[in-house]
Protein chains: 2
Amino acid sequence: MVVMAPHNSSQTPVTVLGLGLMGSALATALLKAGHPTTVWNRTKSKTGPLTAQGATPADTPAEAVAASPLTLVCLTTYDDVTELLHPHTTALAGRTLVNVTNGTPLQARKFASWAEEHGIPYIDGGIMAVPQMIATPAAYILYSGDQQAYETHRPTLAALGGTRWTGTDPGLAALYDLSLLTGMYGMVMGVAQSFALIRSQGIGAEEFAPLLTDWLNAMTNGLVPGTARAVDSGHHLTDVSSLAVNQAAFPNLLATFTDQGVRTELFDPMRQLLDRAIAEGHADDGLSRLVELLRT
Amino acid sequence: MVVMAPHNSSQTPVTVLGLGLMGSALATALLKAGHPTTVWNRTKSKTGPLTAQGATPADTPAEAVAASPLTLVCLTTYDDVTELLHPHTTALAGRTLVNVTNGTPLQARKFASWAEEHGIPYIDGGIMAVPQMIATPAAYILYSGDQQAYETHRPTLAALGGTRWTGTDPGLAALYDLSLLTGMYGMVMGVAQSFALIRSQGIGAEEFAPLLTDWLNAMTNGLVPGTARAVDSGHHLTDVSSLAVNQAAFPNLLATFTDQGVRTELFDPMRQLLDRAIAEGHADDGLSRLVELLRT
């Protein structure tokens, strides 16, 4: 008879600080992968479900950090992380800290400097998933910072989802993360506006959704690689869809929003950008030119 | 020995008015499918390449229309179409007119009324393709208006790409067309801003493009169906990505644009929309709530 051990002694112990939806999902994934997992949260009641799965609750952040060579921290802001960890530099020194709190490249770099001052090997992480996706094939985490610490702990981090190294500049994971979110928010604006427009005529969003999904996938796969080539090469001339053609089409689009009782606010700036592109002499260029025009 | 006939006499003759890039692509597709094709363009030199492929050039729009039971018109604006066809109602009466000129639902409905007054079976079309894609599996055309005329000529129209019937309201093809373009323009805004941000750090757009493409496809396929269900049902509460979480993340995103020398103009209205959503009590709702908030 085999009794399933809650922890596999060959697996690296890990500490998780911050047990919101995402922190709890990370701790659960580590437990499922057999890592001895120590957890801490400011509101102690949140440790309950994880303790039931085999996690060890710690009474203080210092005690939690001391339990493992690797600590993951997942709070709401970098200010929260600084406030939490600043008193515990002695406990952290020489142990790897992976911070997956959402933030900016500047915040990540500043925090990495603080970690370096205190002899803490630091990895910044950007999670490209919602908590429900953690440890599924669709989830991945971008990492940057201390590459040696990353290589050491990569097998452990792989329990959370795919691992993507972005570079030793600790701000890079946040930069890649925010660049991808930026693309997503544009898509979200387009989808919300598109559904508002089709529904203004009494057509169901669910009826329209398959057409929209296929179209957006086709346009993404069709536009992104060519736009990237144009941007990197600086050759913006196109024979497919010039800025002049798009500028000519845009007033019809905005007029239709208004005719149909849909607000134009999310799309007005695109019209202004197209107008500026034409005014600055880029009528025959493709949409890739807009990337240049977005620089300050 | 078999001599290939330029025209297959069993195929419906078709007339194409307007030989810009798109009109020429349509005429070429009809010729390739064996349709006797008559062409006319205001600037006569544009008929040359099509005549070389077997098209018959007409001297006047009336002569062109009289040559076929089906006429496709593809000009720049609906005003151009009205100006061109208004003198030729006698020639057009009883013949099917398919207008694939870009326009709004209102323009399509107004033009359809004019056609009906003059006894012209009218179909409005919205081409979901660039000219290079015509007659490839990726291209399709949305149709609305006179359903009987559509059913009669559908086999001919299929030579241009997929055919999608949207309804007897002649404005529907334009509405579907513009709703899909709206989704695409959101995606374009996101991609342009995303490339501007990643390149601000000296990272190549081509290096980043595969990550962006995979992410956008995953987000599109993940977000669109659930958003559609939420919008149609009116149940906007979410446990995945609340408006409060997105509102909290947005200032970091905009601060990063500014830190990295990227303009914020395309994304400022989304921040204002998220702020309004929270102010109006929708903190726990998902992004589907934005569709409601975009109504005037």
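In this text the structure is predicted, and so the values were computed from the model without any measurement. Keep in mind that the numbers below use all heavy atoms, side chains included, and drop hydrogens, waters and symmetry copies.
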Got a second to check how far [X]'s [atom1] is from [Y]'s [atom2], nearest 0.5 Å?
X	Y	atom1	atom2	result
A:I198	B:L175	CD1	CG	4.5 Å
B:S179	A:Q260	OG	CD	8.0 Å
B:L142	A:L211	CG	CG	6.5 Å
A:M128	B:D214	CE	CG	12.0 Å
B:L178	A:L253	CG	CG	5.5 Å
B:M187	A:M184	CE	CE	15.0 Å

Proximal component of [X], with respect to chain A [non-hydrogen, under 4.5 Å]:
X	result
B:V188	side chain
B:Y176	both
B:R289	neither
B:L266	both
B:D259	side chain
B:V130	side chain
B:I203	side chain

>> Within the structure provided, determine whether A:R295 and B:V262 are in side-chain contact (heavy-atom separation under 4.5 Å).
In response: no
> With a 4.5 Å limit on heavy-atom distance, are the side chains of B:F195 and A:V224 in contact?
Replying inline: yes
Restricting to non-hydrogen atoms, name the atom on [X] and the atom on [Y] that form the minimum distance, rounded to 0.1 Å.
X	Y	answer
B:P269	A:P269	CG-CG, 3.7 Å
A:A249	B:Y185	CB-OH, 4.3 Å
B:G103	A:N252	CA-ND2, 3.8 Å
A:T296	B:R263	CG2-CG, 3.5 Å
B:V291	A:A196	CG1-N, 3.6 Å

Do side-chain atoms of [X] reach the backbone of [Y] as a donor and acceptor pair under 3.5 angstrom?
X	Y	value
B:T104	A:T256	no
B:T182	A:S194	no
B:D232	A:E206	yes
B:T220	A:T213	no

By a 4.5 Å heavy-atom criterion (distance strictly below it), what part of [X] contacts chain B: side chain, backbone, both, or neither?
X	result
A:Q193	both
A:L106	side chain
A:L223	side chain

> So which pairs with a foot in residues 267-276 of chain A pass side chain to side chain donor-acceptor pair (under 3.5 Å), sequence neighbours left out?
Replying inline: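 Those involving residues 267-276 of chain A are A:Q247-A:D275, A:T264-A:D268.
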Looking at [options], which makes the most heavy-atom pairs under 4.5 Å with chain B?
options	result
A:P105, A:G183, A:A209	A:G183
A:T77, A:V240, A:L212, A:L287	A:V240
A:R164, A:E292, A:M133	A:R164
A:V191, A:L273, A:N102	A:L273

>> Can you tell me which of B:L181, B:L21, B:L290, B:N246 forms the most heavy-atom pairs within a distance under 4.5 Å of chain A?
In response: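 Ranked by heavy-atom pairs under 4.5 Å with chain A, first place is B:N246.
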> Hey, which of B:E207, B:R199, B:R229 has the most heavy atom pairs under 4.5 Å with chain A?
Replying inline: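 The option with the most such pairs is B:R199.
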> Could you walk me through whether A:M219 and B:L180 pass the side chain to side chain contact (heavy atoms under 4.5 Å, CB included) check?
Replying inline: CA-CA 10 Å; A:M219 289 297 108; B:L180 292 170; over 6 Å; no
